[in-house]
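Letters A, B, ... are given to chains in the order of the sequence lines, protein chains preceding strands, and every chain is numbered from 1.
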Amino acid sequence: MKTKEDAEPGSSSPEDHERTRDPGNTASRLERIRHSCAHVLAQATKERFSETGTVHIATGPPTETGFYYDFELPRPVVPEDLEWIDQRVKEILSEGHAFVRSEVDESSAREIFANEPFKQEILDGILAGNLDDNGVHSDGGPPVLSTYTHSSFVDLCAGPHVDNTDEISPDAVKVLNAAGAYWRGDEKRPMLQRIYGTAWETREALDHFLWQRSEAERRDHRKLGRELDMFMFDQSAPGMPYWLPNGLCVLNRLLDFSRTEHEKRGYQEVSTPLVNEKSLWETSGHWEHYVDNMFVIPIDEHRTYGVKPMNCPSAMIIFNRRTWSYRDLPLRLSDLDVLHRHERSGTLQGLLRVQSFRQDDAHIFLAESDIGEELGRIFEIIELFYSTFGLEYRLRMGTRPSSFLGDVNTWDHAESALKHILDESIGGDRYVIAEGDGAFYGPKIDIIMRDALDREWQMGTVQLDFQLPRRFGCSYVKPDGTRDTPVVVHRAIYGSLERFLAVLLEHTAGALPPWLVPCHVALLPVRTEHTEPAKNLVAELSEASLCARVMEAAEGSIGARVREARLARIPYILVLGDREASGGTLAVRLREGGEIRDIERSDAISRMHRTLIERHRTTDVAFADLLGNGQADH
RNA sequence: GCCGGUGUGGCGCAGUUGGCAGCGCAGGCGACUUGUAAUCGCCAGGUCGUGGGUUCGAUUCCCACCGCCGGCUCCA
């Protein structure tokens, strides 16, 4: 993903994506182009496969960057098919076919699509007054059935489309890849073949999109993790990262930041067992609702242990060790332990989706009346953290899922409490609601970010829980001497540190904020005789908390060593020759570009130090006044 | 879990009618002592993901399993 600073002019923002999702007549020109391309793709695919056997078409909507169409095909799609289809799509586009809309009644629709079982099912849905996949509303009136025909292809479709395929530039369209997709997104229904394509208004826009994709590959955190020697995986532990010295250093600095800021805000850190006996997970409800995601360890015929996928049950145990007064609340227990969640095979993705990870987790026990104020404090922390890293996020509220604990009234109450707070502190337009996306014990608000390939990921989360404290019999003494059950807020700011670091790496293309990296300064003595002065400088730098590494003359030419330091994304490169060894000055080359020669030694050191303690995201902020105009802003 | 692809030294890749496995980078050693993105030479390194099968012989053909990649489903 691109950071705000280097986003290409004209590139689409998430807000644009939201806008283009509008169904109906307000569809943008691009959306009509893409939707039309989906039909052309379906025509080409039918042509390709109908000799082999029966082709059934399902649905083919536009997407944020293109389109796809789902089919049931007589055989798997091979790369040669995609090539052929790509050529054929371009050919059809250039033939100048009109898209003709017709409104039809049920019986003729049934007849036109007599051999299309998926279309029949869509018809059932529309006639039953539901939304169909293309966004047709029944609007209370009689459902409108429409077809769009171009060339030999007719589809049940609400549109809209371009008037004629000649409005679409064939060299702005490309068929990309094939993948499986369940019919109606339901894993119990047939697996269809989905063919993806991308379409733009101009060839330049297509080229730009393809360029962005290759850029994203360059920024892929898995690639950067290897190059920077930060983490690795082994076949024997799928989805469980090995943290190497460079990576663990970054991880620890992220944790340090979290610990420092939370300590200031009254959080107390605890650490709890990695595995607990099954009965604990039964009490918490995990055994019933989450066991598929747990690593389960049978010890003998009487005992079974579960590796913790969450810290919350242990937090309840800690709370229950003594009697609490209302004066003790809110009690804020943070927990940075490693969690394990068993994932279905085929779902793992580098650090973005792992089976073992750390969370900057905390459980806050509080009186119901304090929820609003406490959530306000949590949102302040979120804002501090994400602005420190310059990351943009959006919020998503998840409501009661199908598998849940407790009673519906309590849920409704919790949901409206969260919604009220969101509306008040965030504003109704800055979050979306995802029905059924809550945790099984309570509704939640998630922080959502995008990776290099624009895929969305859940980062931090704030969850309201009325269930677990009740199930564990938690209580505190109120001012009147009676007891009450506290509410628990589960919250994580980074979310998974693994996932957070992955997104941060992709946003920064590996150039992490200097305060996070293991080595701040590369010292390059010009000749062997400059090694000694360089080593003295290392000591001086370390007094300013700057970690420096000497890359000796024997390691290669200055050019070679500069290259190596650049590839390692070391924030500052200092070349030390006769001038620097004798005088009191340094030559500082900044990772973000720009070089300052003959800067007074203590001045340079204090500027670099400032970059760390002020947590700048780039090296150039502290040197802005020494660089040319505007350089500091890039 | 499902669909498709893929798996060759640390990394990136070659390797077809099945016949003793190659290149670049990285690494080690030696020389070079260098002013801002690659100095030169030599050397070492692989049970070709794992297990079966076919064959006189399998990296190559077949089957199963595992990992990885892209989707779907699920989710921090």
Practice prompt. Compare side-chain N and O positions of A:T461 against OP1 and OP2 of B:A76 and report whether any pair is under 4.0 Å apart.
Written response: no
Discussion item. Taking the minimum atom-to-atom distance to the side chain of A:S345, which one of B:G71, B:A76, B:G1 wins?
Written reply: B:G1
Discussion item. Whether the A:T399 and A:E435 side chains hold a donor-acceptor pair (N or O, under 3.5 Å, no angle test) is what I'd like checked.
Written reply: yes
Worksheet item: When rounded to the nearest Å, what value does the distance between C1' atoms of B:G10 and B:G45 take?
Response: 10 Å
Discussion item. Could you check whether the side chain of A:R353 and the base of B:C74 have a donor-acceptor pair of N or O atoms closer than 3.5 Å, going by distance alone?
Written reply: yes
Worksheet entry | A:Y386 versus A:E392, side-chain donor and acceptor atoms under 3.5 Å | no
Worksheet item: When we call it a touch if two heavy atoms are under 4.0 Å apart, what does A:A553 touch: a base, just sugar-phosphate, or nothing?
Response: base
Worksheet item: Does the ring of A:F357 meet both stacking tests against the six-membered base ring of B:A76: centre distance under 5.5 Å and plane angle under 30°?
Response: yes
Discussion item. Using OP1 and OP2 only, check whether a side-chain N or O of A:Q349 sits under 4.0 Å from B:G70.
Written reply: yes
Item to complete: Answer with base, sugar-phosphate or nothing: what part of the nucleic acid does A:T528 contact at a heavy-atom distance below 4.0 Å?
Response: base
Worksheet item: Is A:E227 touching bases, backbone alone, or none of the nucleic acid, heavy atoms closer than 4.0 Å?
Response: nothing
Discussion item. Base, sugar-phosphate or nothing for A:G559? Non-hydrogen atoms, less than 4.0 Å.
Written reply: sugar-phosphate
Item to complete: Ignoring the backbone of A:E595, work out which of B:U36, B:C72, B:U34 is nearest its side chain.
Response: B:U36
Worksheet entry | Interatomic distance at C1', B:G12 relative to B:C68, whole Å | 16 Å
Practice prompt. Side chain of A:Q458 only, please: which of B:C11, B:C2, B:A76 is the nearest?
Written response: B:A76
Worksheet item: In terms of the nearest nucleotide of RNA chain B, which residue is placed more toward the 5' end: A:W457 or A:G239?
Response: A:G239
Worksheet item: When the distance from CG of A:D335 to P of B:A76 is rounded to whole Å, what number comes out?
Response: 17 Å
Fill in: OP1 or OP2 of B:U73 under 4.0 Å from side-chain N/O of A:R184
no
Worksheet item: What integer number of Å spans the P atoms of B:C69 and B:C13?
Response: 14 Å
Item to complete: Give none if B:A58 has no partner; otherwise give the nucleotide forming a Watson-Crick or G-U wobble pair with it, both distances under 3.5 Å.
Response: none
Fill in: Sugar-phosphate, base or nothing in reach of A:Y196, heavy atoms under 4.0 Å
sugar-phosphate
Worksheet, complete the sentence: Partner of B:U33 under the Watson-Crick or G-U wobble criteria, both distances under 3.5 Å, comes out as none
Discussion item. Need one value for A:G346: base, sugar-phosphate or nothing, where a base atom within 4.0 Å counts as base even if backbone is also close, heavy atoms only.
Written reply: base
Discussion item. Heavy atoms only, 4.0 Å cut-off, all strands: where does A:A587 land among base, sugar-phosphate and nothing?
Written reply: base
Fill in: Salt bridge present between A:D186 and A:R184 (N-O < 4.0 angstrom)
no
Worksheet item: Once you round it to whole Å, what is the distance between C1' of B:C25 and CZ of A:R226?
Response: 14 Å
Practice prompt. Please check if any side-chain donor atom of A:S403 sits under 3.5 Å from a side-chain acceptor atom of A:H289, or the reverse.
Written response: yes
Item to complete: Report yes if at least one side-chain N or O of A:R566 is closer than 4.0 Å to OP1 or OP2 of B:A38; otherwise report no.
Response: no
Discussion item. Under 4.0 Å, heavy atoms only, any strand: does A:L348 hit a base, just the sugar-phosphate, or nothing?
Written reply: sugar-phosphate
Worksheet item: Taking the side chain of A:R222 as heavy atoms from C-beta outward, which of B:C75, B:A38, B:G70 is closest to it?
Response: B:G70
Practice prompt. Compare the minimum distances between each of B:U33, B:A76, B:C2 and the side chain of A:Q359, then state the nucleotide with the smallest one.
Written response: B:A76
Worksheet item: Contact class for A:D578 (heavy atom, under 4.0 Å): base, sugar-phosphate, or nothing?
Response: base
Practice prompt. Take atom C1' in B:G18 and the same atom in B:U60, then report the distance between them in whole Å.
Written response: 6 Å
Worksheet item: Checking all strands, does A:V78 fall into the base, sugar-phosphate, or nothing category for heavy-atom contacts under 4.0 angstrom?
Response: nothing
Worksheet item: What nucleotide among B:C2, B:G67, B:C74 has an atom nearest to a side-chain atom of A:R344?
Response: B:C74
Fill in: Test item: side-chain donor near acceptor, A:E383 and A:Y393, under 3.5 Å
yes
Worksheet item: With distance as the sole criterion, do the side chain of A:E580 and the base of B:G35 form a donor-acceptor contact below 3.5 Å?
Response: yes
Discussion item. I'd like the C1' distance from B:G28 over to B:A37, given in whole Å.
Written reply: 24 Å
Worksheet item: Is there a donor-acceptor contact under 3.5 Å linking the side chains of A:T272 and A:D335?
Response: yes
Item to complete: Quick one: label A:K223 by what it contacts on the DNA or RNA (base, sugar-phosphate, nothing), any heavy atom closer than 4.0 Å.
Response: nothing
Discussion item. Under a 3.5 Å cutoff, is there a donor and acceptor pairing between the side chains of A:W281 and A:N276?
Written reply: no
Worksheet entry | Side-chain donor/acceptor of A:E343 to base of B:A76, under 3.5 Å | yes
Worksheet entry | Distance, C1' atom - from B:U34 to B:C20, rounded to whole angstrom | 45 Å
Worksheet item: Looking at B:A76, B:G67, B:C72, which one has an atom nearest to any side-chain atom of A:S496?
Response: B:A76
Worksheet item: Nearest-Å distance, CG (A:L176) to P (B:G4)?
Response: 20 Å
Practice prompt. Tell me yes or no: between the side chains of A:H56 and A:E72, is some donor less than 3.5 Å from an acceptor?
Written response: yes
Item to complete: Indicate whether any N or O donor in one side chain lies under 3.5 Å from an N or O acceptor in the other, for A:T585 and A:E600.
Response: no
Practice prompt. In whole angstrom, give me the gap between the C1' atoms of B:U6 and B:G49.
Written response: 11 Å
Worksheet entry | Out of B:A76, B:A37, B:C72, whichever nucleotide has its closest atom nearest the side chain of A:R563 | B:A37
Worksheet item: Within 45° of the axis and under 6.0 Å from the centre of the six-membered ring of A:Y68, does NZ or CZ of A:R194 qualify?
Response: yes
Worksheet item: Donor-acceptor pair under 3.5 Å: do we get one between A:Y68's side chain and the base of B:G71?
Response: no
Worksheet item: Below 4.0 angstrom from OP1 or OP2 of B:A76, is there any side-chain N or O of A:K444?
Response: yes
Practice prompt. Rounded to whole angstrom, note down the C1' distance from B:A44 over to B:C25.
Written response: 16 Å
Worksheet entry | Whole angstrom value for the distance that separates P of B:U34 from CD of A:E529 | 8 Å
Discussion item. Categorize A:A181 for me: base, sugar-phosphate, or nothing, with a 4.0 angstrom heavy-atom threshold over every strand shown.
Written reply: sugar-phosphate
Worksheet item: To the side chain of A:P238, which of B:G67, B:U34, B:C2 is closest?
Response: B:G67
Discussion item. Need one value for A:R194: base, sugar-phosphate or nothing, where a base atom within 4.0 Å counts as base even if backbone is also close, heavy atoms only.
Written reply: sugar-phosphate
Fill in: Candidates B:A38, B:G35, B:G71 - which lies nearest the side chain of A:R579
B:G35
